[in-house]
Every structure is written in C-alpha cells, then in structure tokens.
Number of protein chains: 2
Amino acid sequence: MSRWEPDARGRMIGAAMDLFAERGFDQTTASDIAERAGVTERTFFRHFSDKREVLFGGSEVMEKTTYDATLAAPADLTPLDAAMAGITAASSLIGDRRDFTIRRARLITANPSLHERELFKLATLTTAATNALRERGVPELMASLAAHCAATVFAVAFERWVASAEPLSLDEEIKQTATVLRSLL
Amino acid sequence: MSRWEPDARGRMIGAAMDLFAERGFDQTTASDIAERAGVTERTFFRHFSDKREVLFGGSEVMEKTTYDATLAAPADLTPLDAAMAGITAASSLIGDRRDFTIRRARLITANPSLHERELFKLATLTTAATNALRERGVPELMASLAAHCAATVFAVAFERWVASAEPLSLDEEIKQTATVLRSLL
DNA sequence: CGAGCTATGTCAGCGACTGACATCAACAGT
DNA sequence: ACTGTTGATGTCAGTCGCTGACATAGCTCG
C-alpha cells in the first residue's frame, strides 16, 4: 500500500495524537507528524485535506450511518425519535473504542481550532438526519428542528460520557439525556 | 483614529465583503482586502485575529447580551424560556440591519471555512446561555440542553429569515419556530 | 512646543498548503 | 523472467496566512 511500510495513514494518525498530547496542536507542525510517521509532509497532505482532519477520520461513515439509520427507522416513530435512532446508530460507531475516543475528545476540547472542526462535523450529521427525515415525508421545518434536537442530545451526552470517571455506556448516557430533553418542554 | 482616514476597521469590513462577493473568500487574500481599504496587511491582522474574523465583528456583544438577558429574565420562566429570552435579545442586535446581515449570511453559507466559524460563534452563545442558566440555579444538564435548544431555534429561524423573500421580522420567525419546537415532543 | 501614547508601516520569517514532475514498488500480462 | 501500467510516495518551488520586532507618524496633554 505504501512505498515502504504499510498503513501510512494509521501511523500518521497515531503520530499526530501523540504529538498533540505531548506539545499541543499549535506546537506541532505537519512536518513533525510526517517525520514521526516516517513519511513526507507532502504525503501527509495527500491523506488529509488539512492538519486538523487527521483527527476526524471516520466522519463520512458516521454521516452515512446517520442518514441510513434515520431513513430505516420504523415508520411509526415521531420525527424526533427517528432522528434519535439515526444519531444513536452513528454513535455506536465510536461508543466501542472508548479510550481512543476519549483521548481524541480531550485533544479536541483543548484546542479551539479543533473544536471548530468538530462542530462542523456535528453539523453534517444534523444535515444528514434532516435530509433523511425529509425523505420520510417530514416537513422541512420540523425535520430540521428534530435533527438539531437529536444532535444536541448526542453532543451533550457525549460530553458527559467523556467527562465521567466511571461511566455508563454511551447509549445509556444518550437515553438519559433524551429523557431530560423531553422534560424541558 | 487611523494614520490617515478614520474608520479603518469599517473600511476593511466593507472591502472584505465586496471582495468576497466578487471573487469568493478563497480567491481573496488578506493583502487584497487591506489594499482596497487603504491600509497594510499587517494592520488588517492587528484588527482581526484571522482572515475570517472580519465577518464576525459583533459577536462578543451578542455573547454578553445573551448572558445578561438570560440572567435577567423573569424568575418564573422555565429554563428553556429564559434561554430563549437571552438568545432573542441577542438576535435583536442583528434583526435590524437586515440587508447587511443577509449579505453577510450568504457569504458565510457559500464558504465552509466561514460556516465553521459561524458554528463556533453560535456555540459561544450556547455556552453563555448555559452559564447564565446555571447562575439561575438550573442544574447543569438541564441548563445545557435548554441553551442548546434555544440556540437551535435561533439558528433555524435565522436560516429561514435569510431565505425568505418577503419576510417576517426575525422576532416573529423565532416565535413561530419555537412553537414548532415545542410541538415536537 | 516637547513627551508620551497609540495606530500604522516595514521587514523578515515560519508554517500551512498546493501544483508539477520524478520515482519507486507491486501487479498483470506476455 | 521481462516489461508496461498503476498508484502511492518523494522532491521542489511557490503562494498565502499569520507573527514578532522595530521604526514612524499622528494625537493629546501639559
């Protein structure tokens, strides 16, 4: 797959996370990452469209999962429940690898520029759920609001999941958060 | 105020919006903006921490307004209503200058990197409302969820306000959107 | 009119990112 | 085993975003 060792991409991701944790994001150059991974700066930018993207590998998969699972949810679910089903399906993609995900989350919250990118990725999930809901026949405004609410539940639950020392599963955290959300109105 | 003409900052904002509209954000260099505004590139970066910030001038004011108005809302309001009061107060800061705001919004949605920044600014409003709610004695989780919901209403309502040809006021749009949100649950 | 403050100009330099071109490993077909 | 093709990588030069250090011009105040 690569000119020398295999899995250049994986090595770059690992090198980046190590370096970000050691020195911080801003103090790490793309060239640093590439060097530790045994490749060139140029090949780093062939794999990742920019320096931040090295931490956001699986996001297209999550987007597609969100869309598919929202669309495939039982027909009798409310818009909000369908969107929740979509987002929950996507969340199960990361709920497993707990320590990797948490390590990554800490790096992200430590850097505004990475935080920005994460908000953007979350917005793509919202859009995916919105599109799927519209496909289900939900009117525009309601689709958008339901998708946003589901994304909110995910974001807040994820934050708590990361912060808690002895944790529930991410799924459980989401369920509890969703319950509180419903009690708001 | 400036070495030559007054209101260098205002001229840079105007120049940036014109150039972004003419050639697009990526095809406009910071030096281009500075030149059209009659200043140096260095001066541009003294006024704006980065190239995107030229479109996000009033955001600290909106953040403070959100916090203050959420905190100052009548004590008998629910968390969601208090947060809505805060965000609505902030929205009135832009609801006036409609064509400027819409022109700006179109530039932002046309460019992912600007969109990223806008999501970040919206997140700061959410945080401001969350903090104010906590100050009101609302428990953490509920505060966070209420603030997120209020921000969602604002974001969705704003999007519709920008898209509509013959529009309601932004306030009206927010009220209608909030009603639909409540009907979701 | 001189002292000091502040906004601006000038210059040098790093790091993010890109386009163009050369190169190397693996693989397919002969 | 030989060769042509393909795809990932290396090399190089260059643009642009952004910053630190220092010089300078305008304003204010005594």
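Just the heavy atoms: all of them, side chains too, but no hydrogens, waters or symmetry mates, feed the values below. Proteins come first, then strands; the chains are lettered A, B, ... in the order of their sequence lines, and each starts at number 1.
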By side chain to side chain contact (heavy atoms under 4.5 Å, CB included) - contacts of B:Ser92 (at least two apart): none
Whole angstroms only, please: what is the CD-P distance between A:Glu35 and D:dT9? 17 Å
Across the strands shown, which category fits B:Thr40 at heavy-atom distances under 4.0 angstrom: base, sugar-phosphate, nothing? base
Quiz: residues 150-161 of chain A side-chain donor-acceptor pairs under 3.5 angstrom, not counting sequence neighbours:
from: A:Thr152; atom 1: OG1; to: A:His148; atom 2: O; distance (Å): 3.1
from: A:Arg160; atom 1: NE; to: A:Glu173; atom 2: OE2; distance (Å): 3.4
from: A:Trp161; atom 1: NE1; to: A:Leu168; atom 2: O; distance (Å): 3.2

B/S/- along nucleotides 15-22 of chain D (protein heavy atoms under 4.0 Å) is --SBBBB-
If we ignore hydrogens and angles and just use 3.5 Å, is the side chain of A:Lys64 paired with the main-chain N or O of A:Ser59 as donor and acceptor? no
Pairing of B:Arg46 and B:Glu41 as salt bridge, 4.0 angstrom limit: no
For a quick test of your reading: what N or O donor-acceptor pairs under 3.5 Å do the side chains of residues 29-36 of chain A make, sequence neighbours left out?
from: A:Thr29; atom 1: OG1; to: A:Ser31; atom 2: N; distance (Å): 3.3
from: A:Thr29; atom 1: OG1; to: A:Asp32; atom 2: N; distance (Å): 2.9
from: A:Thr29; atom 1: OG1; to: A:Asp32; atom 2: OD1; distance (Å): 3.3
from: A:Thr29; atom 1: OG1; to: A:Asp32; atom 2: OD2; distance (Å): 3.2
from: A:Asp32; atom 1: OD2; to: A:Arg23; atom 2: NH1; distance (Å): 2.9
from: A:Asp32; atom 1: OD2; to: A:Thr29; atom 2: N; distance (Å): 3.0
from: A:Arg36; atom 1: NH1; to: A:Glu22; atom 2: OE2; distance (Å): 3.1
from: A:Arg36; atom 1: NH2; to: A:Glu22; atom 2: OE1; distance (Å): 3.4

I want to check one thing: is the phosphate of C:dA7, taken as OP1 and OP2, less than 4.0 Å away from some side-chain N or O of B:His47? no
For the pair B:Ser169 (side chain) and B:Glu172 (backbone), establish whether a donor and an acceptor sit closer than 3.5 Å, ignoring hydrogens and angles. yes
Is the backbone N or O of A:Ile94 less than 3.5 Å from a side-chain atom of A:Thr101, with the two atoms forming a donor-acceptor pair by type? yes
Please list all pairs meeting salt bridge (Lys or Arg N to Asp or Glu O under 4.0 Å) that have one or both residues in residues 138-154 of chain A, counting only residues at least two apart or in different chains. A:Arg134-A:Glu140
B:Met12 CE - C:dG9 C1' separation (whole Å): 13 Å
Does any residue of residues 117-124 of chain A have a heavy atom under 4.0 Å from DNA chain C, and if so, which ones, in number order? none
Euclidean distance, atom CZ of residue A:Arg11 to atom C1' of D:dT9 [Å, nearest integer]: 11 Å
